[in-house]
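Values reported hereafter were calculated over all heavy atoms of this structure, with side chains retained and with hydrogens, waters and symmetry mates removed. Throughout, a chain's letter reflects where its sequence line sits, starting with A, and its residues are numbered from 1.
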There are 2 protein chains.
Amino acid sequence: MDKLACIKVFRHVARLESFTATAIELNTTQGAVSKKIAWLEGDLGFTLFHRNSRKISLTSAGKQYLGFCHELIEKMTLTEQLINKQLSLAVGTLKISAPSAFATQRLAVPIRKFLIANPEVKIDISVDDKHVDLYRDDIDIAIRASYLKDSGLKAKKLLDHDVCYFASPDYLKNNGTPVVPEELSKHTCLTYSLSTTSNVWQINKKKFVVRELVTSDSPEMLVKMAILGCGIAAMPKWMVQESFKMNQLTELFADHQKSSLPMYAVYKNSDYLPYRIRAFVDFIASYFESELAN
Amino acid sequence: MDKLACIKVFRHVARLESFTATAIELNTTQGAVSKKIAWLEGDLGFTLFHRNSRKISLTSAGKQYLGFCHELIEKMTLTEQLINKQLSLAVGTLKISAPSAFATQRLAVPIRKFLIANPEVKIDISVDDKHVDLYRDDIDIAIRASYLKDSGLKAKKLLDHDVCYFASPDYLKNNGTPVVPEELSKHTCLTYSLSTTSNVWQINKKKFVVRELVTSDSPEMLVKMAILGCGIAAMPKWMVQESFKMNQLTELFADHQKSSLPMYAVYKNSDYLPYRIRAFVDFIASYFESELAN
DNA sequence: CCATCACCATTCCAAATTGGAATATCAGAT
DNA sequence: ATCTGATATTCCAATTTGGAATGGTGATGG
């Protein structure tokens with residue numbers, strides 16, 4: 001027997017002080033109401049009503065239990081409404097994970113715009129260059145360079161980075177400047193460990209397996225190592241533009257066609273995706289799209 | 001579908017993070033668990049778990065709802081236990097209604113003893129000479145002279161009052177002092193309106209229908225009227241003993257055999273009578289029984 | 001890369017449960 | 001004493017539920 005259904009019937013009966021009237025109000029039969037109350041009393045172990053062929057009245061235990069039932073139903077309704085609201089409106093706290101360089105240099109501005117457009121959303125951004133587990137760490141959205149290999153996740157492409165290759169002038173002086181990609185085999189490279197194919201570089205639609213000297217999950221670390229002359233690295237252009245200007249780094253294969261590095265917003269797939277997640281993903285994707293157009 | 005049952009299953013699944021393990025723990029099948037969670041999600045309108053052929057994990061909504069479910073089950077268990085405790089132990093507040101003269105002169109002492117013997121019981125005594133409705137006024141126990149005519153009520157006899165007949169010396173001087181009950185027909189009487197047979201007095205096993213001058217639901221009022229010389233009244237002996245001594249009243253038919261007036265403790269009949277009620281009724285009945293023996 | 005495994009969803013059918021209608025029962029009202 | 005209005009009970013049809021088997025899917029390991 002459905003106890004919750006019995007409780008709902010009980011509230012009606014207590015209010016109307018009649019099984020028959022309750023049956024009419026609930027479009028059922030008096031017998032059904034009687035059975036439900038009787039079952040509930042049996043389950044609880046005490047009687048809810050004093051019965052009398054003419055009328056019924058709550059026992060003291062029934063009165064006390066009724067108070068609990070009112071609380072229960074109200075709390076349940078409110079809780080369910082609250083959760084549904086959080087899923088359907090742009091409210092709540094959005095937990096984002098993003099790699100440090102991208103976060104600070106590319107994400108801060110659009111996040112600020114998003115917050116202005118969605119004043120009821122708070123953002124908790126966790127800057128982490130490691131490959132986070134969205135389930136374990138309870139993250140709503142992760143910004144990732146690598147294509148998703150996780151299951152149960154959806155990804156939306158945000159943009160394609162223009163990748164560029166570079167090394168320090170010092171390194172090139174000591175090891176020679178490669179002019180064609182084929183020469184990469186003579187060099188040591190700095191690779192990004194979280195990329196699915198970290199040691200396979202693609203230039204002019206050809207793939208080159210490079211010799212790794214250092215691999216790291218931190219793009220900034222790799223840039224730093226390149227500046228120190230450890231080898232050749234490949235990174236999104238925006239990340240090293242400043243270093244080119246300061247002559248800390250020299251670009252290689254500048255006129256060759258390079259593969260682009262896509263960036264994704266990854267989020268847990270669900271039938272009822274909290275709206276703040278969808279809102280943010282759509283917002284940030286169209287932000288980068290319009291940025292590209294300019 | 002029984003939502004409460006689903007919620008209970010949900011708590012297990014959330015803890016074990018597995019439908020299969022839950023099915024084993026609950027001695028059911030994995031399919032049944034799956035159906036229950038699926039139904040609950042449909043009812044709520046949001047998903048509780050992220051699913052993955054290898055494992056499941058709570059969604060953020062699921063996490064939030066789980067907290068509510070824990071609260072709900074705990075509150076429900078505690079409430080039901082509390083009410084059952086109140087019904088099975090001598091705890092709580094006992095609401096007693098008693099007529100004023102009896103309350104003050106006969107009930108105060110045994111109530112004090114009962115409170116000492118049952119320290120967890122509080123007493124709310126409503127002194128009222130009217131015929132109270134135990135249901136409407138939410139009274140646990142009513143002390144009454146009249147035999148119960150109400151249905152749904154049970155009565156336990158506490159004692160038999162020795163009834164005595166009396167009038168003021170003044171009245172007797174003016175109207176003559178009746179020596180045998182047959183002379184009552186020449187007198188006017190003061191009767192107790194709440195008695196079922198207020199105007200039928202029984203002396204020496206014979207019944208006499210008396211002429212009423214005043215009828216009242218207040219015994220003390222009737223005594224006062226008798227003192228003022230309005231007529232002859234019949235009351236329990238203890239109520240007028242003092243007036244005899246002060247010569248405000250004179251006893252009549254002193255050596256005749258008089259009917260006794262029973263006093264009852266009346267309480268609502270119920271399958272699960274709160275224990276404090278049974279305890280009090282038994283206590284007070286045995287108190288008067290032993291008082292009689294002394 | 002493919003076979004295997006572990007797990008959840010679905011389907012189908014038998015079994016248990018529920019609800020409706022009629023009937024019994026009960027106590028107050030007339 | 002009978003009538004009336006209310007709840008309890010009974011019986012059966014309809015619905016719902018649970019179990020077993022099947023299907024589907026993604027992780028794992030050789």
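A:Leu58 places its CG atom 13 Å from the P atom of D:dT7, with the value rounded to the nearest Å. In this structure, NE2 of A:His50 is placed 14 Å from P of D:dA8, rounded to the nearest angstrom. Regarding A:Lys36, its NZ atom lies at a distance of 12 Å from the C1' atom of C:dG20, rounded to whole Å. One can place CD1 of B:Ile37 at 12 Å from P of D:dG18, the figure rounded to the nearest angstrom. Here the C1' atom of nucleotide C:dA16 and the CG atom of B:Asp2 are 14 Å apart, to the nearest Å. Between the CG atom of A:Leu26 and the P atom of C:dT18 there is a distance of 17 Å, rounded to whole Å. In this structure, the NZ atom of B:Lys3 is 17 Å from the P atom of D:dT16, given to the nearest Å. One atom, CH2 of A:Trp39, and another, C1' of D:dA8, lie 18 Å apart when rounded to the nearest Å.
By the side-chain contact (heavy atoms from CB on, under 4.5 Å) test, A:Lys85 is found to be paired with A:Leu89, residues two or more places apart in sequence or in another chain being considered. Not counting sequence neighbours, the partners of B:Glu80 by the side-chain contact (heavy atoms from CB on, under 4.5 Å) test are A:Lys3, A:Leu44, A:Tyr65, B:Met76. Listed by chain and number, the residues in a side-chain contact (heavy atoms from CB on, under 4.5 Å) with A:Leu26 are A:Val9, A:His12, A:Thr22, A:Thr28 (sequence neighbours excluded). Listed by chain and number, the residues in a side-chain contact (heavy atoms from CB on, under 4.5 Å) with B:Lys35 amount to none (sequence neighbours excluded).
For residues 6-16 of chain B, the pairs satisfying salt bridge (charged side-chain N to carboxylate O under 4.0 Å, His left out) are B:Arg15-B:Glu25, with sequence neighbours left out.
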Heteroatom pairs (N/O) under 3.5 angstrom, protein to nucleotides 7-11 of chain C:
| unit_1 | atom_1 | unit_2 | atom_2 | d |
| --- | --- | --- | --- | --- |
| C:dC7 | O4' | B:Ser53 | O | 3.4 |
| C:dC8 | OP1 | B:Phe19 | N | 2.9 |
| C:dC8 | OP2 | B:Phe19 | N | 3.4 |
| C:dC8 | OP2 | B:Thr20 | N | 2.9 |
| C:dC8 | OP2 | B:Thr20 | OG1 | 2.5 |
| C:dA9 | OP1 | B:Arg51 | NE | 2.1 |
| C:dA9 | OP1 | B:Arg51 | NH2 | 3.4 |
| C:dA9 | OP2 | B:Ser34 | OG | 2.7 |
| C:dA9 | N7 | B:Gln30 | OE1 | 3.0 |
| C:dA9 | N6 | B:Gln30 | NE2 | 3.1 |

Quiz item: Does the pair A:Leu40 and A:Phe10 meet the rule for a side chain to side chain contact (heavy atoms under 4.5 Å, CB included), with working shown?
Solution: CA-CA 9 Å; A:Leu40 186 57; A:Phe10 168 56; 4.0 Å; yes
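Across D:dG19, D:dT17, C:dG20, the shortest atom-to-atom separation from the side chain of B:Met1 is found for D:dT17.
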